[in-house]
Amino acid sequence: MTENDERLRRWRLVLGGGDAEGTGCGLEGVDARMDAALSAVYDQGGGREGGLGASAPRVARWLGDIRTYFPSTVVQVMQKDAIEKLNLTRLLLEPEMLEAVEPDVHLVGTLLALNRVMPDQARESARAVVRKVVDELERRLVQKTRAAVTGALDRSARTHRPKRVADIDWDRTIRANLKNYLPEKNTVVPSRLVGYARRQRSVQREVVLCIDQSGSMAASVVYSSVFGAVLASMRSLRTSLVVFDTAVVDLTDQLHDPVELLFGTQLGGGTDINRAIAYCQGLITRPTDSIFVLISDLYEGGIREEMLRRVAAMTQAGVQVIVLLALSDEGAPFYDHENAAALAAMGVPAFACTPDAFPDLMAAAIERRDIAQWAERHIAVSG
């Protein structure tokens, strides 16, 4: 096959055929089967017959085909598009479908949204899918999170008698001894050292994760549950996890098992951020040692003014408040720009955070670094 033939073949697969595609290229064998798999989702309304119908066996065969012809990252995108474009949600309630899909975060979100209407015969298959995704996320994120948080806890404890040279915080030591600067020597002579104390065994920080479980926040709910389980496993932290729509549910007692925790959520419904923050305020016993993470698109169905007053009161009491518009790889969804701007005005920036950046964000919060500055360096801040 010449380079030009290969180029035409690729364009043919992209354009999908039809009278107007103009390549004049025919497809055979594997290429024809790949084209058929693509056509089932992407040729709707394009002059060719696409679709998968309402047959679970046919959909299961299609899922097998795309896993054969495309890499897993492409398979996940095609599955998501098929569910949305072809309204295949109900078919996901059938065990044979769940056994054929490529598990990913978006699929977990869809299954959790169906949790209340899922028949018993599909529930175990759904749990297996969710467990596989959670296990993969834990492999990806646990070590990085523990390392970042443990290091931050070590650094956050200060001492004027560091036991080792490695424990000296040189930046703070120099700033504390600038009055001892010797111009002729071009050096600072420290009269006192500032260093890192060894980490204590007792609880050093309280962390409250408050998660909006409206439908648009599905991926954030999945990632937050995994991170909550990791943080809860660390003795130096006291971690709480609360989900909310118009009601508030405290799932802290399920943090030992993120799969059970996820099945305790109920995606969809309205939003009352003010009520959720009011509940979380009651969980905070040591404000100056507490980190409150609100994960929400900020569309408030409750009392907006009270919500903003509560956030202001928390920051004034010394709580480190962080607002994430999303905790996912997709960036910020639609969100309430007015509320984001109001929070930013009181020193609480609202921004989307990727799962890979979240451990460093928590480390910054534990060390009480300026979160607005951290976000400016790492993430595009909204507001």
**Message:** Would you say that Met34 contacts Asp31 through its side chain, given a criterion of any heavy-atom pair below 4.5 Å between the two side chains?
**Reply:** yes

Taking the side chain as C-beta and beyond, is there a heavy-atom pair between Val321 and Leu294 under 4.5 Å?
no

For Arg286 and Gln204 the tightest heavy-atom approach is NH2-O, 3.6 Å

More than 12 heavy atoms of other residues, nucleotides or ligands under 6.0 Å from CD of Glu330: yes or no? yes

Margin query: With heavy-atom distances below 4.5 Å as the criterion, would you say the side chains of Val243 and Asp212 are in contact?
Written below: no

Any donor-acceptor pair under 3.5 Å from Asp297 side chain to Leu325 backbone: no

Residues Leu308 and Met346: closest non-hydrogen pair is O-CE, 3.7 Å

So OG1 of Thr145 and CD of Gln143: to nearest 0.5 Å the spacing works out to 10.0 Å

Distance col, row Phe244:CZ vs Thr271:OG1, nearest 0.5 angstrom, shows 6.5 Å

- Please lay out, stage by stage, how Val293 and Met362 fare under the test side-chain contact (heavy atoms from CB on, under 4.5 Å). CA-CA 9 Å; Val293 184; Met362 290 304 299; 4.3 Å; yes

(request) Ignoring hydrogens and angles, tell me if any N or O in the side chain of Glu300 forms a donor-acceptor pair with the backbone of Ile273 under 3.5 Å. (result) yes

* To do: Indicate yes or no for a side-chain donor-acceptor contact from Gln213 to the backbone of Gln266 under 3.5 Å, with no hydrogens or angles considered.
  => yes

| message | Check Arg140 with Asp356, please: is the shortest side-chain N to carboxylate O separation under 4.0 Å? | response | yes

On a heavy-atom basis, the closest approach of Val75 and Phe70 is CG2-O, 3.6 Å

Quick one: are Phe292 and Val311 in side-chain contact, heavy atoms under 4.5 Å? no

CD (Gln320) and CG (Asp289) are apart, to the nearest 0.5 Å, by 11.5 Å

Correct closest heavy-atom pair for Asn274 and Met307 would be OD1-N, 3.2 Å

Quiz item: So, does Thr265 use its side chain to make a donor-acceptor pair with the main chain of Leu261 at under 3.5 Å?
Solution: no

Rounded to the nearest 0.5 angstrom, the CG-CG distance for Leu251 and Leu262 is 9.0 Å

* Salt-bridged, Glu260 to Arg127, with N to O below 4.0 Å? -> yes

To the nearest 0.5 Å, atom CE of Met314 lies from atom CD1 of Ile277 at 7.0 Å

* To do: Could you tell me whether a side-chain N or O of Gln79 sits under 3.5 Å from a main-chain N or O of Glu102, the two making a donor and an acceptor?
  => yes

Tell me which donor-acceptor pairs under 3.5 Å the side chains of residues 222-231 have, and how far apart each pair is, sequence neighbours excluded?
unit_1, atom_1, unit_2, atom_2, d
Tyr223, OH, Asp329, OD2, 3.0
Ser224, OG, Ser220, O, 2.6
Ser225, OG, Val221, O, 2.8

Please assess Arg146 against Ser233 for the test side chain to side chain donor-acceptor pair (under 3.5 Å), listing each intermediate value before the final yes or no.
CA-CA 9 Å; Arg146 284 181 176 157; Ser233 70; 3.1 Å; yes

Report whether Leu141 and Ile291 are members of the same hydrophobic cluster (ILVMFWY, side-chain heavy atoms less than 4.5 Å apart, transitive linking).
-> yes

Is it the case that over 12 heavy atoms from other parts of the model lie below 6.0 angstrom from the CZ atom of Arg275? no

Self-check item: Pair Arg33-Asp65, side-chain contact (heavy atoms from CB on, under 4.5 Å): steps then yes or no
Solution: CA-CA 8 Å; Arg33 291 190 288 275; Asp65 286 344; over 6 Å; no

Item to complete: State, yes or no, whether a side-chain contact exists between Thr315 and Val348 at a heavy-atom distance under 4.5 Å.
Response: yes

Original post:
Is there a side-chain contact between Arg238 and Thr285, using heavy atoms and a 4.5 Å cut-off?
Top reply: yes

Handout entry: Electrostatic pair Asp370:Arg377 at N-O distance under 4.0 angstrom
Key = no

Rounding to 0.5 Å, atoms CG (Leu237) and CG (Leu153) come to a distance of 5.5 Å

* Taking Arg131 for the side chain and Val259 for the main chain, is one N or O donor matched with an acceptor at less than 3.5 Å? -> no

Are any non-hydrogen side-chain atoms of Thr239 and Leu241 less than 4.5 angstrom apart?
no

Q.
Checking the side chain of Asn115 only, and the main-chain atoms of Phe263 only, is there a donor and an acceptor separated by less than 3.5 Å?
A. yes

Just wondering, do Tyr279 and Asp250 contact through their side chains at under 4.5 Å, heavy atoms?
yes

Correct closest heavy-atom pair for Phe334 and Tyr299 would be O-CE1, 3.5 Å

Between Val105 and Leu137, the two heavy atoms sitting closest are CG2-CD1, 4.2 Å

